Amino acid sequence: MAEHRTISFTLNGRPVTAMVAPHHTVIELLQNEFALFGARESCGQGLCGCCTVRVNGETVSGCLYLALFVDGARVDTVEGLASGEALHPIQEAFIEAGAFQCGFCTPGFIMMTQRLLEEHPDPSEEQIRDYLSGNLCRCGAYPEIMEAVQGAARKLRAESQPREVETA
């Protein structure tokens with residue numbers, strides 16, 4: 001029987017600890033210890049992107065990434081994007097564009113989009129396709145996903161612009 005180990009890390013901005021076995025993946029850790037089901041295991045081979053989470057800012061396949069590796073790290077999931085009741089602009093853009101059908105893959109697309117827009121605030125269509133090429137949507141909502149990413153980019157750029165102050 002594998003020996004469990006206690007790990008500590010920051011999960012969506014909150015310090016946490018958990019007991020994990022050496023063979024546990026990040027998806028198992030998030031679902032079993034923290035009841036976070038946004039990232040989902042689909043292919044179990046790191047090929048579909050449904051399990052995408054961020055570890056220290058890098059996107060990883062949660063179905064392959066061992067839980068022991070997040071000891072001392074920062075882990076961000078789709079559940080951590082919203083601020084209270086306010087959705088993140090990327091989440092809003094996906095809803096506005098109807099960029100999902102069954103929604104199973106949506107959290108992975110959103111996490112990858114966040115990474116894309118941090119690196120390319122005004123991405124070209126080619127950059128969007130390149131970044132999202134590792135995420136699969138079995139429903140075929142790709143046109144809406146493209147629209148959502150472009151909409152999210154516009155929202156985030158608008159938020160980063162200084163606002164004019166009205167003077168009386």
Side-chain angles (χ1 to χ4, degrees), residues 9-16 26-27 30-31 34-43 45-65 70 73-168:
F9 59 102
T10 302
L11 177 58
N12 294 329
R14 186 173 55 100
V16 296
V26 168
I27 286 295
L30 294 173
Q31 294 181 349
F34 300 101
L36 295 176
F37 296 95
R40 298 173 177 126
E41 184 168 344
S42 181
C43 70
Q45 300 175 4
L47 300 174
C48 70
C50 290
C51 60
T52 302
V53 298
R54 297 184 72 176
V55 176
N56 291 331
E58 299 295 325
T59 52
V60 302
S61 295
C63 69
L64 297 179
Y65 204 84
V70 303
R74 186 186 82 237
V75 177
D76 297 300
T77 70
V78 72
E79 290 92 343
L81 287 181
S83 178
E85 296 295 317
L87 293 178
H88 188 278
I90 297 172
Q91 294 168 312
E92 290 177 349
F94 270 70
I95 292 171
E96 290 166 4
F100 50 86
Q101 287 182 21
C102 78
F104 197 82
C105 65
T106 306
F109 273 104
I110 288 173
M111 296 307 288
M112 190 57 81
T113 297
Q114 182 189 36
R115 176 70 193 273
L116 163 67
L117 297 180
E118 287 172 359
E119 292 186 16
H120 304 284
D122 189 12
S124 67
E125 190 171 319
E126 182 179 339
Q127 288 170 319
I128 296 170
R129 290 184 192 283
D130 183 47
Y131 260 78
L132 301 182
S133 64
N135 292 69
L136 302 177
C137 173
R138 287 170 177 82
C139 300
Y142 293 108
E144 292 83 5
I145 291 169
M146 290 292 292
E147 181 183 333
V149 174
Q150 292 165 333
R154 285 190 299 274
K155 283 177 178 270
L156 290 170
R157 285 194 308 270
E159 283 186 359
S160 69
Q161 298 296 316
R163 295 180 185 218
E164 291 184 25
V165 177
E166 290 185 30
T167 56

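Because the structure is predicted, anything quoted here is derived from the model rather than measured.
The shortest distance between side-chain heavy atoms of Val26 and Gln31 does not fall below 4.5 Å. Ile90 has its side chain within reach of Leu117: a pair of non-hydrogen atoms, C-beta onward, lies under 4.5 Å apart. Here the side chains of Val60 and Thr52 are not in contact, with every heavy-atom distance at 4.5 Å or above. No side-chain heavy atom of Cys51 sits less than 4.5 Å from a side-chain heavy atom of Arg40. At a threshold of 4.5 Å between non-hydrogen side-chain atoms, the residues Cys102 and Arg138 do not count as touching. Proximity of Cys137 to Ile145: side-chain heavy atoms (C-beta onward) are separated by under 4.5 Å at one or more points. With a 4.5 Å cut-off on side-chain heavy atoms, Glu144 and Phe100 do not count as touching. Here the side chains of Leu81 and Met111 are in contact, with some heavy-atom distance below 4.5 Å.
With respect to the salt-bridge test (charged N to carboxylate O, under 4.0 angstrom), the residues Arg115 and Glu119 qualify. Looking at Arg54 and Glu58, no side-chain N of the basic residue comes within less than 4.0 Å of a carboxylate O on the acidic one, giving no salt bridge.
Here Gln150 contributes atom CD and Lys155 contributes atom NZ; the two are 14.0 Å apart, rounded to the nearest 0.5 Å. Taking OG1 of Thr59 as the start and CD of Gln114 as the end, the distance is 10.0 Å to the nearest 0.5 Å. Note: Ser42 OG to Phe104 CZ = 5.0 Å, rounded to the nearest 0.5 Å. Here the straight-line distance linking atom CD of Glu147 with atom CZ of Phe94 works out to 11.0 Å at 0.5 Å rounding. Atom CG of Leu47 sits about 8.0 Å away from atom OG of Ser61, to the nearest 0.5 Å.
Side-chain atoms of Asn135 come within 3.5 Å of backbone N or O of Gly108 as a donor-acceptor pair. A side-chain donor-acceptor contact under 3.5 Å links Ser124 to the backbone of Gln127.
Annotation: salt bridge (charged side-chain N to carboxylate O under 4.0 Å, His left out) contacts of Arg154 (sequence neighbours excluded): none.
By the 30° and 60° cut-offs, the orientation of the rings of His120 relative to Tyr131 is perpendicular.
Annotation: cation-pi pair Arg74/Phe9 absent, no NZ/CZ under 6.0 Å from the ring centroid and within 45° of its normal.
Pairing each heavy atom of Cys43 with each of Cys48, the nearest pair is SG-N, 3.5 Å. Considering every non-hydrogen atom in both Cys63 and Gly46, the closest pair reads SG-N, 3.3 Å. Among all heavy-atom pairs drawn from Ala93 and Ala148, the shortest one is CB-O, 3.3 Å.
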Inset, instruction - Dump the intermediate steps for side chain to side chain contact (heavy atoms under 4.5 Å, CB included) on Ile128 and Thr113, then the final yes or no. - result: CA-CA 8 Å; Ile128 296 170; Thr113 297; over 6 Å; no

Inset, instruction - Start with the C-alpha distance between Leu136 and Tyr142, add both sets of side-chain angles, then the distance that settles side chain to side chain contact (heavy atoms under 4.5 Å, CB included), and finish with yes or no. - result: CA-CA 9 Å; Leu136 302 177; Tyr142 293 108; 4.1 Å; yes

Inset, instruction - Kindly indicate, with the supporting measurements, whether the criterion side chain to side chain contact (heavy atoms under 4.5 Å, CB included) is fulfilled by Val149 and Leu116. - result: CA-CA 9 Å; Val149 174; Leu116 163 67; 3.7 Å; yes

Inset, instruction - Please test Glu79 against Thr77 for side-chain hydrogen bond (donor to acceptor under 3.5 Å, both in side chains), starting from the C-alpha separation and ending with a verdict. - result: CA-CA 5 Å; Glu79 290 92 343; Thr77 70; 2.7 Å; yes

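A side chain to side chain contact (heavy atoms under 4.5 Å, CB included) with Val53 is found for one member of Leu30, Val78, Asp76 and no other, namely Leu30.
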